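Comments concern the structure below.
Worth saying up front: this structure is predicted, and the values here are computed from it rather than measured. In what follows, every chain begins at residue 1, and chains take the letters A, B, ... in the order their sequences are listed.
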Amino acid sequence: MPGEKPLSNYLGLDIGKINTRAAFFGVSERKFRLQGYGIAPTSLGSGMHPASGAGRAVQVLQEKTGIVLVKPSGGIASTMDSMRQNIDQVGLVTSVGPRLKTAVFGLSAQGSLNVGRVLAESLPLCLSGLFGLADLGDESGVIDALITIQPDLLIITGGEDGSAEAHIIRWVELARTLCLLLPAPSRPMVLYAGDSAYHEMVHRRLEPVCQVLIAPNLQPEYGEMDLVPAQAVLDPEILKRWWKQMPGLGDLATLPNSKAATVPFALGRIVRYLSQAKATHPVTALKSGVLAVDLGGHSTMLLAGMDGRAGTVVQPCWEGFSTSQDEALISEVQKWTAQPVPLPAIQKYLSNYVVRPDVIPESLDDLAILQAWARVRMQQSLKRLAMNYNWLPYQPGQGLTAHFEPIIASGSVLTQAPTPGQAMLMLLDGLQPRNVTTIVLDTYHLLPQMGLVGEIAPILPVHVLESDAFTNLGTVIVAVSDVPAGETLLTANVKMETGKDYAVSIPQGTLRRLVVPKGVSVVLELEPRHHTDIGFGGPGLGGRLKVPSGVLGVVIDARGRPLRLPSDAETRAAQLTRWLWNLGG
Amino acid sequence: MDEKMMVDVLRRARDVEISRECKLSLPGEVLVKIGDVLNPEDVVAQAVIPSGLRSLNLARGLGVDPSEVTSFLVQDADACLEQGDILAQVEGAITRLVRMPFDGRLIACQDGKAQIATGNLVIRKQAGLIGKVEDIIPDYGVVIRVRGYLVQGIWGNGRVNCGVLHSSLDLSERVKDGAVLDEIEKGQVVVLPSCLNLELLERLEQKEVAGLILGSLSPDLIRRVQAAPMPVLVLQGFGDLPADPDTFELLSLSNGKLCCLNAGSTDELTGQRPEVIIPNEVAQDEPAQDVSAQEVSAQDEPAQEPTRIGFREKLRVGQKVQIHSGLYLGRTGTLVDLPSTPKTFESGISCLTAQVQLGDEETVTVPRQNLFMIA
């Protein structure tokens, strides 16, 4: 706004269930840069104040950088005062609260009910009931079910805009009846995101009995889904519920210079922004997207953006655990375990892991199980994301079938992997990307902050994303061909700045790493053979590619899609280990 | 300050002050008062909500258009009505009226139909503890204060119950030959070092035990235990783990006493963990004291608040700990050193470690992060 002081610094707080992170951004050489970072255990539990965990994270930041933002020995009140005075803007992203119990009222299973479910899965909501047209035949049954569920949130959706679908009125009346039956403090809030023709009626009938939120139709026309406005309406309400349950967290969020969002909402915003910024691939002119994955201790978040659209799926880890007794899931984890670990050992490790997802694996076997579980989590979330968003180019078993760049990954299993090769291999196996992409590690979990601050200072994420605050793990070239294993499918001529050029032949079925010295960029001349597709516009097409230095340089993945693993456990583990060695161990 | 020294805490202690909230999920009426001494089965609060919903077609009964019905209602919304009360009436040469065919509460009237809430579903909240009412949570419940043994575990199956504790140190051996089952009685809360096979679990269910406290549980049985009718608390972990002698000794001291087993899940927000409470006897005349301030962790405001053990605490040499990883999973010992330099483990991960002296004098090195503090 005119006359407003421009933002000169920003403190991002990220309160997770296990850790609280503080990241300080300031201006250096006329660009926003990450100037300090600190991490401390989240202070939760009865009587604990989340601000004390945040304060400790800031203290760690101060000790590391010498930047003084809060008094070194101050209490909570002093910390809050300092934040108010010394920091232009405080951003709070969090995933710490409980998921709100949610029921969806809609019409058809494939239409509005599905869209309501997808909305619920894109935010920290726990879908507890889906009620469609068929359920309207037994309204008392629906009421009974809802009294049992005691939802925090009711989503009413359905009907294309202007369709004046009469069943919507019945759902609104049923929501009203439920509210009248329940004591006022136990009534759910209602989000209406259906046919816009009923907005006035919804206000009139429901506002006297409960909190009403109105959002544009989730599905204004059949087959067209737009969740963003509803997410924007719901996210602050989710936070308000969390503030009530954790008043200390609310104190942080209500600092006059603060903004807040849930992690999935903030991530969704930045992924959408990035996808808008690069709708087509600069080399191939193909439509390209952006992918972000966050393997947290308690949940997996996977987000894809393409053409300005973004899809989010939040899957609690323990959903997988609840079925971990299923042999199929354990077998799937075993399939990706780079050690010959028996099924019972995997089952035992995962059962104990769920109790304490912050535990550090000590042995090779434990590490192999954890990393295999990470691959399976990504595969499951990708499948779910594709199920929820039909625009996502994905084939079961084959992974992503379009170009996504960059792929930004976070979560300690990735960012604290003993070697960068392990992180890279987990991501390649979990997501099975195609074409040419860049894998970026978000070691400090900054991406949600970028989504939050982008609204206030759009230039900050631009500067930070191009800085070294994010780790470029490497450039990946995926070569897909039908040629037999061992046959050369690609030749890469590597042009070094130093003039020491060389050529590499890539056989089918291999994973190869080309080292790019730090601070140097190389040019690759890629010559695919036998109609091999490397994402340069079609099978057999090649070209030149300038590659910046990354931690691992260039990785050429010619293992094929879908990835095929030997059926014998020993051979399979050896294969995974070989691939890992090819990436530097 | 080394923040990595903060670890999760499991309370395992005798003769400690314990305060627990006991409340309804929806507002109702609190039935007890501060100072009342409670038994587990005592109802501390109850809420009443309608048990059913019935629809009355007033338009048809009155012979009017559905859109006109609301103007003929003679009762206000939310009115509690008895059978025979007039609900709606059309005055005229021939007065037409609709009476309530049953007792109920008028909820809404839409499209010519009245929605009537009928019956009462009473939701009661039992104390679940022996203790004294320390505070009232208006409309919802109470805070119960008790002094006694507190033993927390790492996992529970979500159920709650009370019973007489059946625990003895030699159960570990005798459970293998099945003889121990003969002495277990209906309604007891049974302490066992482990449950590794379905047969044992089923036999205990047949005995109608009130609850199970296990050192370890086979991962194969997790789903089965989740569906079990009685609460099951796991103290050490999943797998075939050696029983922790200290905890079992602690529990055996209370053999034959009434205990309250809450095998709910761990909740970081409230600091709740699955636990068993074995109360001391509660004296009727003992005054209730305000111990709410004890809920504040020493880390947060050390200068002002009394020491209270929080959900997470800072590791200290000499502290008892339980290991939650690797070869020593579930083992307890004493923290003897916190080396300042990180160690690289076989996995390749480098981290700060703790040296733990196990009961058999063996000293092992584990990641600090993989410990529970026992306090």
Residues B/R273 and B/D8 bridged, charged N to O under 4.0 Å: yes
Against chain A, label B/L241 side chain, backbone, both or neither, depending on which of its atoms sit under 4.5 Å from a heavy atom there. side chain
Where the side chain of B/T118 meets the backbone of B/I116, is there a donor-acceptor pair that is under 3.5 Å apart? no
Any idea which of B/T344, B/L329, B/I107, B/V234 has the most non-hydrogen atom pairs under 4.5 angstrom with chain A? B/I107
For B/V321, the option from B/V7, B/L10, B/L371 that meets side-chain contact (heavy atoms from CB on, under 4.5 Å): B/L371
Non-hydrogen atoms of chain B under 4.5 Å away: do they reach the side chain of A/P98, the backbone, both or neither? both
Heavy-atom proximity to chain B below 4.5 Å, by part of A/I143: side chain
Proximity breakdown for A/E173 and chain B, heavy-atom pairs closer than 4.5 Å: side chain
Does the side chain of A/E362 pick up a donor-acceptor pair with the side chain of B/S325 at under 3.5 Å? yes
What part of A/I147 is in contact with chain B, defined as an atom under 4.5 angstrom from a non-hydrogen atom: side chain, backbone, both or neither? side chain
When the 4.5 angstrom heavy-atom criterion is applied to B/S25 and chain A, the contacting part is both
Part of A/D366 lying under 4.5 Å from any heavy atom of chain B: side chain
Side chains of B/Q322 and B/Q236: any donor to acceptor distance under 3.5 Å? no
Side chain / backbone / both / neither for B/T353 at chain A, heavy atoms under 4.5 Å: neither
Salt-bridge test for B/E17 and B/R145: reply yes if a basic N is under 4.0 Å from a carboxylate O, no otherwise. yes
Only pairs of heavy atoms separated by less than 4.5 Å count here; which of A/M246, A/E139, A/Q245 has the most with chain B? A/M246
Pick from A/L364, A/L367, A/L370: which one has the most heavy-atom pairs with chain B under 4.5 Å? A/L364
Cation over ring, A/R356 on B/F372, under 6.0 Å and within 45°? yes
Chain A: which of B/I49, B/I154, B/D267, B/L327 shares the most heavy-atom pairs with it under 4.5 Å? B/I154
Once you round to the nearest 0.5 Å, how far does CH2 of B/W155 lie from CD1 of B/I222? 6.0 Å
Where does B/Y140 contact chain A at under 4.5 Å (heavy atoms): side chain, backbone, both or neither? side chain
One option among B/E21, B/R54, B/E346 has the most heavy-atom pairs under 4.5 Å with chain A, and it is B/E346
Cationic tip of A/R205 within the cone over A/Y198's six-membered ring, i.e. under 6.0 Å and within 45° of the normal? no
